[in-house]
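Some notes on the structure that comes next.
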Amino acid sequence: MPYPVLRVHLDIMENNITKIVLKAAEHGISVWAVTKGLSAPLQLARMLSGTKVSALADSRIMNIRRIKEDGIKTPLALIRIPMPSEINDVIELADYSLVSDLGTLELMSKACESKKKEHSVLLMADMGDLREGFWPDKAEAIAAGVKNLSPALNIVGIGVNYGCASGVLPSRESMEKFVSFGEKIESELGKKLEIYSGGATTRSLIAMDEGLFPERVNNLRIGEGYLLGSDKSSGVIVPWLRQDTMELEAELVEVRRKPTKPIGEVGRDAFGNVPCFEDRGDRLRGILAIGRQDVNIGGLTPLEEGVKIITASSDHLLVDMEECPAEHKVGGILRFKLDYPAMLSSSTSPYVTKIYEGWC
Ligand SMILES: *Cc1c(COP(=O)(O)O)cnc(C)c1O
């Protein structure tokens, strides 16, 4: 089997998403399972479609197409605001999308008409993170802009995103403003909106029980929570979820005692940085056949006792193994825990073998 390997435990993720769905249900909240963090493999999509999530959500229409063509019946949501150039595919393939532009809505409306297809939209509100979204004080103008769209394009709700572009966290106050935005749209349109999608993993899972969400918030779009059991923007793990959902495995190609201080004049490394190494005498050092082409190295944490990351180039990861109680030889495998960027990068790298276990 070619290394490096990203080993994914679908059973543990299933356990996580099931717990999230149950806890959210206590608060009257449905869950869309977001698959983009792991590049939406079909094994994951199939597992999720057997759970009680109300939709599978991804940022890429390419991934949505693959899931749809697999015959999965769970509703599909595109969660990156659509490119005008992909709107025909969006209407064809997705059941829901998140939108923040009136011109885009008009194009979608026309595509619904010409394809004789219905499509549901959540209007995004920018509550301060400054990524996508209409300004919440513009409800009147937005409602006026959507009034004349095709009835096949259903405005079914509103959505908000936190913690992505500027790290802004949701609060009860911000959530209440979000709800008033929705209610303003409702009164302008003269119809009720079914879905108030209150965000992603960011603070949602850890603060749900502390009354973060007003009554009307009834949906969340969750990726990191079930994929990694963590909430990176809050800097915590979610204590009632599991974090051992996946590991990255790499193979040792050299193990040797070497000085810790480089020999000779030091210029820039392969990435333009001037490296600085403290002289700690001779220490056991390993080279793993994995590098920046495979994964965002900064997001790796060694799982083997006594292993510490020294540095990495495109194809090599150097580790200090002086304090390893176990003996590791060339050809041996070391394992690493991944954070969100490491998961994202290794799942998109064609050089990494993906193995999905625990579910079929
Ligand atoms: C990525 C994304 C999510 C899921 O985020 P997680 O932090 O992984 O839960 C939800 N909504 C939108 C719009 C996203 O882009």
Side-chain angles (χ1 to χ4, degrees), residues 8 13 16-17 19-21 23-24 29-40 44-45 48 53-64 75-83 90 94-101 104 120-134 157-170 175 178 195-208 212-213 217-238 241 243 245-246 296 299 338-345 347-348:
V8 176
M13 288 182 180
N16 279 350
I17 194 74
K19 281 196 182 141
I20 293 168
V21 168
K23 176 168 293 280
I29 292 174
S30 68
V31 175
W32 290 2
V34 176
T35 50
K36 68 179 190 218
L38 204 55
S39 309
L44 177 70
L48 291 168
V53 299
S54 61
L56 304 185
D58 202 274
S59 49
R60 307 278 167 157
I61 202 72
M62 190 193 279
N63 290 345
I64 301 231
L76 302 176
L78 179 71
I79 55 169
R80 178 169 70 187
I81 47 176
M83 294 184 259
V90 175
D95 300 286
Y96 293 96
S97 49
L98 313 182
V99 185
S100 69
D101 184 83
T104 303
S120 297
V121 164
L122 306 193
L123 302 173
M124 293 304 277
D126 188 334
M127 303 305 301
D129 194 49
L130 308 184
R131 200 176 71 180
E132 74 276 47
F134 290 107
I158 57 167
V160 60
N161 203 63
Y162 294 94
C164 275
S166 318
V168 170
L169 300 171
M175 282 281 115
F178 169 67
I195 302 179
Y196 280 54
S197 185
T201 298
T202 305
R203 201 180 254 175
S204 302
L205 301 180
I206 55 167
M208 207 165 0
L212 174 61
F213 298 115
V217 172
N218 61 2
N219 175 265
L220 288 171
R221 311 171 309 271
I222 303 290
E224 187 190 356
Y226 79 90
L227 291 168
L228 293 170
S230 58
D231 175 350
K232 198 172 164 71
S233 358
S234 308
V236 295
I237 60 159
V238 183
L241 295 175
Q243 289 75 44
T245 50
M246 65 186 79
N296 185 339
L338 303 94
D339 70 0
Y340 196 94
M343 165 175 69
L344 194 67
S345 52
S347 72
T348 52

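Being a predicted model, the structure only gives us computed values, none of them experimental. Order of appearance sets the numbers: ligands from 1, and atoms from 1 within every ligand. All values below were derived from every heavy atom in this structure, side-chain atoms included, with hydrogens, water molecules and symmetry-related copies excluded.
- Atoms of ligand 1 lying under 4.0 Å from at least one heavy atom of Ile222, given by number and element, are 9 (O).
- In this structure, the protein non-hydrogen atom closest to atom 5 (O) of ligand 1 is Ala200 CB, 3.3 Å.
- Between Ser120 and Asp95, the closest side-chain pair of non-hydrogen atoms is not below 4.5 Å.
- Regarding atom 11 (N) of ligand 1, its nearest protein heavy-atom neighbour is Arg221 NE, 2.9 Å.
- Residue contacts with ligand 1 include Tyr340, since one of its heavy atoms falls under 4.0 Å from the ligand.
- Proximity annotation for atom 13 (C) of ligand 1: of Ile79, Leu78, Ile20, Leu220, Ile79 comes nearest, heavy atoms only.
- Atom numbering of ligand 1 starts at 1 in the shown order; those under 4.0 Å from a heavy atom of Glu132 are 13 (C).
- Of the protein's non-hydrogen atoms, Asn161 OD1, 3.5 Å is the one closest to atom 12 (C) of ligand 1.
- In this structure, Arg131 is part of the shell of residues with a heavy atom less than 4.0 angstrom from ligand 1.
- When side chains are defined from C-beta on, Leu228 counts as touching Met246, because their heavy atoms get closer than 4.5 Å.
- With a 4.0 Å heavy-atom cut-off, ligand 1 is reached by no atom of Arg80.
- Side-chain contact check for Met124 versus Arg131: every heavy-atom pair is 4.5 Å or farther apart.
- Closest protein heavy atom to atom 14 (C) of ligand 1: Lys36 NZ, 2.9 Å.
- Atom CD1 in Ile206 sits 11.0 Å away from atom CD1 in Ile237 (nearest 0.5 Å).
- Of all the heavy atoms of Val34, the ones lying under 4.0 Å from any atom of ligand 1 belong exclusively to the side chain.
- Between Ile20 and Gly225, the shortest heavy-atom contact is CD1-C, 3.8 Å.
- In this structure a side-chain-to-backbone donor-acceptor pair under 3.5 Å is missing from Tyr162 to Gly198.
- At a 4.0 Å cut-off, not a single heavy atom of Thr202 sits close enough to ligand 1 to count as contact.
- Judged by the shortest distance from any of its heavy atoms, Met124 lies outside the 4.0 Å radius around the atoms of ligand 1.
- Protein heavy atom closest to atom 8 (O) of ligand 1, with residue, atom name and distance, is Glu224 N, 2.8 Å.
- Using modelled atom types, one finds a donor on one side chain and an acceptor on the other under 3.5 Å when comparing Thr35 with Asp58.
- Among Val160, Thr201, Asp58, the residue whose heavy atom lies closest to atom 9 (O) of ligand 1 is Thr201.
- The distance from ligand 1 to the heavy atoms of Leu98 drops below 4.0 Å at these ligand atoms: 13 (C).
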CA sep, side-chain torsions, deciding dist, call: Arg60, Arg80, side chain to side chain contact (heavy atoms under 4.5 Å, CB included): CA-CA 7 Å; Arg60 307 278 167 157; Arg80 178 169 70 187; 3.9 Å; yes
Side chain to side chain donor-acceptor pair (under 3.5 Å) between Glu224 and Ser230, worked out: CA-CA 6 Å; Glu224 187 190 356; Ser230 58; 2.7 Å; yes
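- Remark: the backbone N or O of Ser345 is not paired with any side-chain donor or acceptor of Asn296 at under 3.5 angstrom.
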